[in-house]
Undergrad: 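There's a structure below that I have some questions on.
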Amino acid sequence: MNMDAQLPWADEVHDEDEEELEDTEAECSGKLPSTGNSGNFLTKRGITLRVLLKDGLIEAGQGVLSIHYLGRKFQGDLLVDGKIRWQENGQTFNSPSAWATHCKRLVNPAKKSGCGWASVRYKGQKLDQYKTAWLRQNQAHGPAAEAQSPLSEGEEEDLIEDEEEEEEARDGKSSNLEQAEYNKIQCKEGTDKAHRCGQEEIRVPVKYSTLGSRDSARDPHTLVELTSFMTLNKFQPFHVSVSSNALLLLDFHSHLTRSEVVGYLGGRWDTNSQLLSVLRAFPCRARLRDTESAAAIEEEIYQSLFLRGLSLVGWYHSHPQSPSLPSLQDIETQMDYQLKLQGTENSFQPCIGVICGPYFQLNEEAESSICPFWVMPPAEHRPNDYGIPMDVEVTYTQDSFLTNDILHQMMMLVEFYKGSPDLIPFQEIWKEDKTYLDKLKGSLSSRTPKDHGFGPVLDQVYTFLKHVG
C-alpha cells in the first residue's frame with residue numbers, strides 16, 4: 001500500500017506500447033503497409049484466423065495467444081476452428097477483436113473496441129504481422145484468395161469494428177484540432193486573469209488537452225482540470241456513495257496541518273448494482289517522507305480493514321492551500337492504484353481518489369472543497385499520454401451516528417500533530433472575524449450524523465484543539 005511504490009511492470013508496458021504504436025494506428029484506421037503494388041486488391045479485412053490456420057501460418061495450441069494491456073496480461077488458447085478460449089475462465093470468443101475488447105474493458109470499462117489484430121499476439125508476435133505475411137504469399141492468386149471461406153459471426157464483427165474505427169478516426173481529427181485551439185485560448189485567459197488579480201502564487205490548473213505526451217521536464221505538481229464523462233459522450237462506468245463519517249474524518253485530518261496529509265478509504269464493491277460504497281476513512285499518522293513509520297501505519301490500516309470486513313476502495317490526500325484538483329503526480333498514483341485494485345478473473349473493481357482542499361484562499365465558504373476523481377487510461381494508440389482525470393459523480397449519505405472509533409481517531413490525529421511547526425493555529429484569525437477553529441467547525445457541520453447527541457463530544461475535541469500548539 002506504499003503510495004510511492006512503482007508498479008514492477010511499468011517500464012515493460014511502456015516499451016511494449018511504444019513498439020505497437022505504429023501498427024495499432026494502422027490497424028485501427030484500416031490502413032495497410034505498402035507492399036509495392038499499387039494495384040493490390042487483397043485486403044487484411046478478408047483474412048481470418050481460420051484462413052491463417054488453413055494455410056499453415058499459425059497452429060492451434062494452448063496458451064499461444066496473449067494480450068498485454070496497461071499492466072495486465074491475458075492468455076488464450078487457439079482452437080482448431082479459429083476460435084479463442086480465454087484460459088482464465090474458459091470463455092470462448094469468435095474473433096481476436098471480441099476477445100481483446102472483453103479483456104480491455106475489464107481494465108478500462110470505457111473502452112469501446114479492442115483493435116484485436118494489433119493487440120493479440122501469437123507466440124509473441126502480433127497477429128497483424130501474420131495477416132501481412134499471408135497477403136505477400138497470396139497476392140498473385142487474385143480475387144479467389146479473398147474468398148477462401150465465408151465469414152463467421154465473430155469475423156463479421158471484426159470487419160464491422162474496423163470500419164467503425166476508421167470512421168471515428170476520420171470524424172475525430174477536425175474536432176480535436178478545433179478543441180485544442182480553443183483550449184489554448186481558454187488556458188491563456190485563465191492565467192492572465194489570475195495575474196491581473198495579483199494571484200501569481202496560485203497554481204493555475206491546465207486543461208488536459210494541453211498536456212500531450214508524458215514529459216519528465218514537466219512539473220509533476222501541475223494541476224489538471226477534471227473532464228466530465230458527458231463531455232466525452234460516455235457514461236460513468238460505476239456508481240459511488242460516500243458516507244458522512246468518512247468525509248468528516250478525512251476533512252478533519254486535512255484541517256490540522258499546513259502540510260499535505262494522506263489516508264485510505266475502506267468500503268465495499270457490489271458487482272450487481274455496480275455501486276462502490278466508501279464507508280470509512282483511515283488516516284495515515286505519518287509524514288509523507290517517513291517511510292519507516294508509514295509501513296507500520298499501513299499494516300495497522302490493513303488489519304482495521306480486515307476486522308471490519310471492508311476492502312480498500314480508494315485513497316485521499318489534501319491540497320492545503322491549492323485547488324482540490326489532481327496534479328500530474330496524483331494522476332499517475334491513481335492509475336497505479338486502479339491497476340493494483342482492479343480485481344481478478346472476470347471482474348472489475350474500481351477505486352477512487354479524493355482530494356480535500358481546506359484552506360484554498362479563493363474558496364469563500366468555510367466548507368472544504370472535496371474532489372472525487374478517477375483516471376481513464378489514455379487512448380491505446382497514444383500509450384505515452386497521461387491518463388485522463390475524470391469527474392466522478394458521488395452520492396453523499398448521512399450516517400445515523402458517530403462511532404467511538406472515529407472520535408478516537410480524531411484525538412489520535414490531534415496528538416500526532418501537537419507541537420509540530422506546521423500545526424494550524426486554531427485560535428488565530430482565518431478570515432474576517434472567523435478563527436481557524438470556526439472554519440473547521442463550519443466545514444464539519446455539513447458532515448455530522450443525524451444524531452446530534454454527539455455534539456458535546458465533538459466540542460471536547462474542539463476544546464482540545466484550542467490548547468495545542
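All values below were derived from every heavy atom in this structure, side-chain atoms included, with hydrogens, water molecules and symmetry-related copies excluded. The model shown is predicted, which means the values in this text are computed figures rather than measured ones.
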Undergrad: Distance from Cys103 atom SG to Phe93 atom CZ, nearest 0.5 Å?
TA: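 Nearest 0.5 Å value for the SG-CZ distance: 6.0 Å.
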Undergrad: Among Lys439, His255, Arg258, find the one that has a side chain to side chain contact (heavy atoms under 4.5 Å, CB included) with Ile424.
TA: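 Looking at Lys439, His255, Arg258, the match for Ile424 under the side chain to side chain contact (heavy atoms under 4.5 Å, CB included) is Arg258.
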Undergrad: List in chain and number order the residues that pass side chain to side chain contact (heavy atoms under 4.5 Å, CB included) with Ser327, two or more places apart in sequence or in another chain; answer none if no residue qualifies.
TA: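 Side chain to side chain contact (heavy atoms under 4.5 Å, CB included) list for Ser327, sorted by chain: Arg203, Leu223, Gln329, Asp330.
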Undergrad: Between Arg382 and Asp385, does at least one N-O distance fall below 4.0 Å, as a salt bridge requires?
TA: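 Looking at Asp385 together with Arg382, the answer is yes, because their closest N to O distance falls below 4.0 Å.
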Undergrad: Is a side-chain donor-acceptor pair under 3.5 Å present for Ser259 with Asp422?
TA: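 Yes, because at least one side-chain N or O of Asp422 sits under 3.5 Å from a partner of the opposite role on Ser259.
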Undergrad: Is a side-chain donor-acceptor pair under 3.5 Å present for Ser311 with Gln349?
TA: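 Side-chain D/A pair, Gln349 to Ser311: absent.
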Undergrad: What pair of heavy atoms forms the shortest contact from Phe282 to Ser304, and how long is it?
TA: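 Minimum heavy-atom contact is CE2-CB, 3.6 Å.
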Undergrad: Quick one: salt bridge (charged side-chain N to carboxylate O under 4.0 Å, His left out) partners of Glu393, sequence neighbours excluded?
TA: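 Result, salt bridge (charged side-chain N to carboxylate O under 4.0 Å, His left out) vs Glu393: none returned.
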Undergrad: Step by step, work out the ring pair (Phe, Tyr, Trp, His ring centres under 6.0 Å) result for Trp99 and Phe74.
TA: CA-CA 10 Å; Trp99 184 43; Phe74 304 89; 7.3 Å; no
Undergrad: If we count only N and O atoms by modelled type, under 3.5 Å, do the side chains of Gln334 and Trp315 hold a donor and an acceptor together?
TA: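 The answer is yes; a qualifying pair exists.
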Undergrad: For the residue pair Thr333 / Asp336, report whether a side-chain donor-acceptor contact shorter than 3.5 Å exists.
TA: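 Absent: no donor and acceptor within the cut-off.
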Undergrad: With no hydrogens and no angle check, just 3.5 Å: does a side-chain donor-acceptor pair link Ser443 and Ser368?
TA: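 Result is yes, a qualifying pair exists.
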